[in-house]
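Since the structure comes first, as structure tokens, the remarks are kept for the end.
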Amino acid sequence: MKIITPGRICLFGEHQDYLGLPVIALAISLRSSITATKRRDKKIIIDMPNLNLTEDFSLDDLEYTKDRDYFKSAIRLCINKGLRFSNGFEAKIESDIPIQAGISSSSSIVVGWINLISKMADNPPNWKNERIGKLAYQAEVVAFNEPGGMMDQFSTAIGGCIHIEQEPFAVTQLNPNLKTFVLGDSNQPKDTLDILRRCRDQRKSIIKKINNVYPDITFENCTDAHGKSILNYDEQGLFEATIENREIQIEALDELKKDTIDHNRIGDLFIKHHAVLRDKLKVSTSKIDKMIQASIEAGALGGKISGSGGGGCMFAYAPENPLDVAQAIKNAGGTAVIIHADDGTRID
């Protein structure tokens, strides 16, 4: 059996989902694949040639032996949901998604892994992709108390362009007829968890500070005025960034819901979103900024950093001239690949 699962880019709402705010994400045509065959014993062997790693353990011993022990956490979760496994299996995982670069390489694999093992169980369930996304979130984020939100797991599981609302939780499939993107990898390493904790924890402490004066204020209904007399200069900047990104996401959603979208407006909103991420959340790098600027000068309608930041990838929206934009990103020192929207996790 072979399962393929896309990566994803966050179109709008970057660094917002773990605050309970909506996001718009797009599954992309870079994928992980997991091929597996059953064994006669209860051993699990996972070959990961991209990482030059092999992992093995037994279904009879699913105790965690390392941080982010996702393969075991996923199996444990599936067993807790009533699935039975009489046999182990051998799996091979390959991926063309840049690793630790803001394109959900790990979530793509966790989603694909849960999809795979659910189908190889003695009693395979008929889980919909949204259910697989939820289970992947529990196996990846909840099980290890990580700071991320739900965007990665749901977007790679469901596919296409989706809008995720968190309170109350709802996923809406959008069909905006978006054209070609160009993904640019800066090849700069980044510390995802450190950046997520900094951006998340600081802003959660800010809203608690505001709640001492305005107890009914949330990230969903706050305005700049609520922080003016309460927050210091740095805190006010982070607070304003959250509000600006929230409003950009709302404007983008209105546009993406239209029967015929204005591609130039979408590009402009990418530029605005990146400016907030760069100047107020400070998660971009000078190299990524140069790659984005080069792509716009080559004809892209807009672009932004993708993922937590501090390195990794950016993307440019290039409906008309993706080859020129890809070359401009390469000239700026990045690695470029042309991408488009893709379906969610599935049997190949």
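Only heavy atoms go into these numbers, but all of them, side chains included; no hydrogens, no water, no symmetry mates.
- With a 6.0 Å radius and a threshold of 12 heavy atoms from other residues, nucleotides or ligands, Lys72 has its NZ atom above the threshold.
- Note on Glu90 versus Lys38: no salt bridge recorded, every NZ/NE/NH1/NH2 to OD/OE distance being 4.0 Å or above.
- Ionic pairing of Asp47 and Lys92 is not present here: no N-O contact between side-chain nitrogen and carboxylate oxygen is shorter than 4.0 angstrom.
- Ion pairing of Glu140 with Arg68 is absent here, as no side-chain N (NZ or NE/NH1/NH2) approaches a carboxylate O to less than 4.0 Å.
- The side-chain contact (heavy atoms from CB on, under 4.5 Å) with Met1 is formed by just one residue from the set Leu116, Thr35, Asp348; it is Leu116.
- With Phe270 as the aromatic partner, Arg265 does not meet the cation-pi criteria of under 6.0 angstrom to the ring centre and within 45 degrees of the ring axis.
- Atom NZ of Lys190 has more than 12 neighbouring heavy atoms from other residues, nucleotides or ligands inside a 6.0 Å radius.
- Electrostatic pairing of Asp41 and Lys43 does not count as a salt bridge here, judged by no charged N lying under 4.0 Å from a carboxylate O.
- For Asp122, the CG atom sits in a packed shell: over 12 heavy atoms of surrounding residues, nucleotides or ligands are nearer than 6.0 Å.
- Ion pairing of Asp96 with Arg31 is absent here, as no side-chain N (NZ or NE/NH1/NH2) approaches a carboxylate O to less than 4.0 Å.
- Every residue two or more places apart in sequence or in another chain was checked for a side-chain hydrogen bond (donor to acceptor under 3.5 Å, both in side chains) with Asn145, and none qualifies.
- The number of heavy atoms from other shown groups lying within 6.0 Å of NZ (Lys209) is above 12.
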Can you list, pair by pair, the side-chain donor-acceptor contacts under 3.5 Å of residues 212-219, counting residues two or more places apart and other chains?
| from | atom 1 | to | atom 2 | distance (Å) |
| --- | --- | --- | --- | --- |
| Thr218 | OG1 | Glu220 | N | 3.2 |
| Thr218 | OG1 | Glu220 | OE1 | 2.9 |
| Thr218 | OG1 | Asn221 | N | 3.4 |
| Thr218 | OG1 | Asn221 | OD1 | 3.4 |

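- The environment of NZ in Lys66 is crowded: more than 12 heavy-atom neighbours from other residues, nucleotides or ligands sit within 6.0 Å.
- Side-chain atoms of Asp342 never come within 3.5 Å of backbone atoms of Thr5 as a donor-acceptor pair (strictly under, hydrogens ignored).
- More than 12 heavy atoms of other residues, nucleotides or ligands shown are found within 6.0 angstrom of NZ on Lys280.
- The aromatic rings of Phe12 and His273 lie parallel to each other, with less than 30° between the two planes, well short of the 60° mark.
- At most 12 non-hydrogen atoms from other residues, nucleotides or ligands lie less than 6.0 angstrom from CG of Asn52.
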Please output the side-chain donor-acceptor pairs of residues 309-328 that fall under 3.5 Å, not counting sequence neighbours, one pair per line with the distance.
| from | atom 1 | to | atom 2 | distance (Å) |
| --- | --- | --- | --- | --- |
| Tyr317 | OH | Lys179 | N | 3.0 |
| Tyr317 | OH | His263 | ND1 | 2.6 |
| Asn321 | ND2 | Ala298 | O | 3.0 |
| Gln327 | NE2 | Asn331 | OD1 | 2.9 |

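- For NZ of Lys257, the number of neighbouring non-hydrogen atoms (other residues, nucleotides, ligands) closer than 6.0 Å is 12 at most.
- Pairing each heavy atom of Arg346 with each of Pro6, the nearest pair is NH1-CD, 4.4 Å.
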